[in-house]
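Inspection log for the structure reproduced underneath, given as structure tokens.
To find a chain, count down the sequence lines: A is the first, B the second, and so on, and within it residues start at 1. Heavy atoms only: backbone and side chains are in, while hydrogens, waters and symmetry mates are out.
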Amino acid sequence: MAFTLPELPYAMDALEPFISARTLEFHHGKHHQAYVNNVNNLIPGTPFEHATLEEIILKADGGIFNNGAQVFNHTFYFEQFSPFGCREPLGALKDALDRDFGSIAAFTDHFNKAAATLFGSGWAWLVVNIDGKLEIVQTSNAGCPLRDGKKPLLTCDVWEHAYYLDKQNLRPKYIEDFWKVLDWKVISLRFGA
Amino acid sequence: MSFELPKLGYAYTALEPLIDARTMEIHHTKHHGGYTANLNAALQGSGHEGKTIEEIMKIAGTLPAAVRNNGGGYYNHNLYWEILTPGGSKEPRGVLLDAIRESFGSLTALKDAFVKAAITRFGSGWAWLLLDNNKLVVSSTPNQDNPLMDVAEVKGRPVLGIDVWEHAYYLNYQNRRPDYVEAFWNLINWDEVTRRFKG
């Protein structure tokens, strides 16, 4: 069964001026699409021919892992934005962030630092760890917290392709703008699920 | 003594249209400049001040990540600007061409191996032509690692290197890394590569 590129749940220009339409066109139309194509080309004749993305993330290595995990990571990333979203955590998720980080401000500082300091290409994540606590992790390249038994809630893509057309070397500026298009309703649904 | 960002031996516009001036300026002043400043900061009080960059590379795996990453970034970009010049010979000749033929069979075979290493390096990193016990080999390294480092899978003296971090090509080529690699190949100053080969 071949994987397909999910459509974005908003227009290409919906996140302007924080994430440009041009960035989304390449990020979704070229990078995300290439990962889909690559994993589809790599799996025939392997034990992963009929696997789900989650199974690939847990068990595959090399190109199948890299491309399969990047399909998952990008879908997860694009789905959490909205031009009209809820811009702050609420309810049970807010309570859990307060409980595990002390405050929303402390969580945000910690997450921003993780996203800014990941060296090279990769991702910063808010996850629920195996003890049920919220935690921030960094992964390199295609790394995905599912591989370590952690449940991802929120992610920031810090591959340069995610921000270079808009912000060039200014990754911290991209991270600052990332929060302005994040829809916390999506994160709450993931947390509650 | 601290490390200094070297000046380029040519204008930011010199490699246009294959590498645009805006990419050159940001790459040199912001990225290379950032590695230089961060390396100096990371070395302060480390006991390794005064070492050459090559000496630092040899023990990079034993040093804090900030020294390995920024030291690699400093060394690698120094090499990159020097072998990428608008002038010089556009084809390898003489002893270098002989060595390429001996190790790879032909210049075309070297180019194929080098391009493949550059295109298939997943994420950020570099592809290299290096001298390993007097034999030329092609390798690639993640992030800002390089073949001088104790942590490199393939160790040796780099004679040619291509930066395949997206910042090296994204403004001009976006997702088309193969087009950038092809452009790079046509900008190599083989006189400088020969100088490095001869050591």
Shortest non-hydrogen contact from [X] to [Y]?
| X | Y | answer |
| --- | --- | --- |
| A:Trp159 | B:Gly123 | CH2-CA, 3.5 Å |
| A:Arg22 | B:Gln174 | NH2-NE2, 3.3 Å |
| A:Ser121 | B:Ser124 | OG-OG, 2.6 Å |

Residue, of B:Asn143, B:Asn69, B:Ile26, that accumulates the most heavy atom pairs under 4.5 Å with chain A: B:Asn69
- prompt: So what's closer than 4.5 Å to chain B heavy atoms on A:Gln70: side chain, backbone, both or neither?
  reply: side chain
- request: Go through the atoms of A:Ala34 and report whether side chain, backbone, both or neither lie under 4.5 Å from a heavy atom of chain B.
  value: neither
Rounded to the nearest 0.5 Å, what separation is found between the [atom1] atom of [X] and the [atom2] atom of [Y]?
| X | Y | atom1 | atom2 | value |
| --- | --- | --- | --- | --- |
| B:Arg176 | A:Phe26 | CZ | CZ | 6.0 Å |
| B:Leu171 | A:Gln168 | CG | CD | 5.5 Å |
| A:Leu165 | B:Glu166 | CG | CD | 10.0 Å |

Check the hydrophobic clustering (I, L, V, M, F, W, Y; side-chain heavy atoms under 4.5 Å; chains of links allowed) and say if [X] and [Y] are grouped together.
| X | Y | result |
| --- | --- | --- |
| B:Tyr10 | B:Tyr12 | yes |
| B:Val154 | B:Leu160 | yes |
| A:Leu126 | A:Val186 | no |
| B:Tyr75 | B:Leu8 | yes |
| B:Trp126 | B:Val137 | yes |

- prompt: Between A:Phe119 and B:Arg68, is any pair of side-chain heavy atoms under 4.5 Å apart?
  reply: no
Is it the case that more than 12 heavy atoms not belonging to [X] sit under 6.0 Å from its [atom1] atom?
| X | atom1 | result |
| --- | --- | --- |
| A:Arg147 | CZ | yes |
| A:Glu7 | CD | no |
| A:Lys133 | NZ | no |
| A:Ile104 | CD1 | yes |

- request: Output the option from A:Asn66, A:Thr117, A:Asn141, A:Leu170 having the highest count of non-hydrogen pairs under 4.5 Å with chain B.
  value: A:Asn66
message: Please report whether the ring centroid of B:His31 lies less than 6.0 Å from that of A:Tyr164.
response: yes
task: Would you confirm whether the ring centroid of A:His31 sits within less than 6.0 angstrom of the ring centroid of B:Tyr170?
output: yes
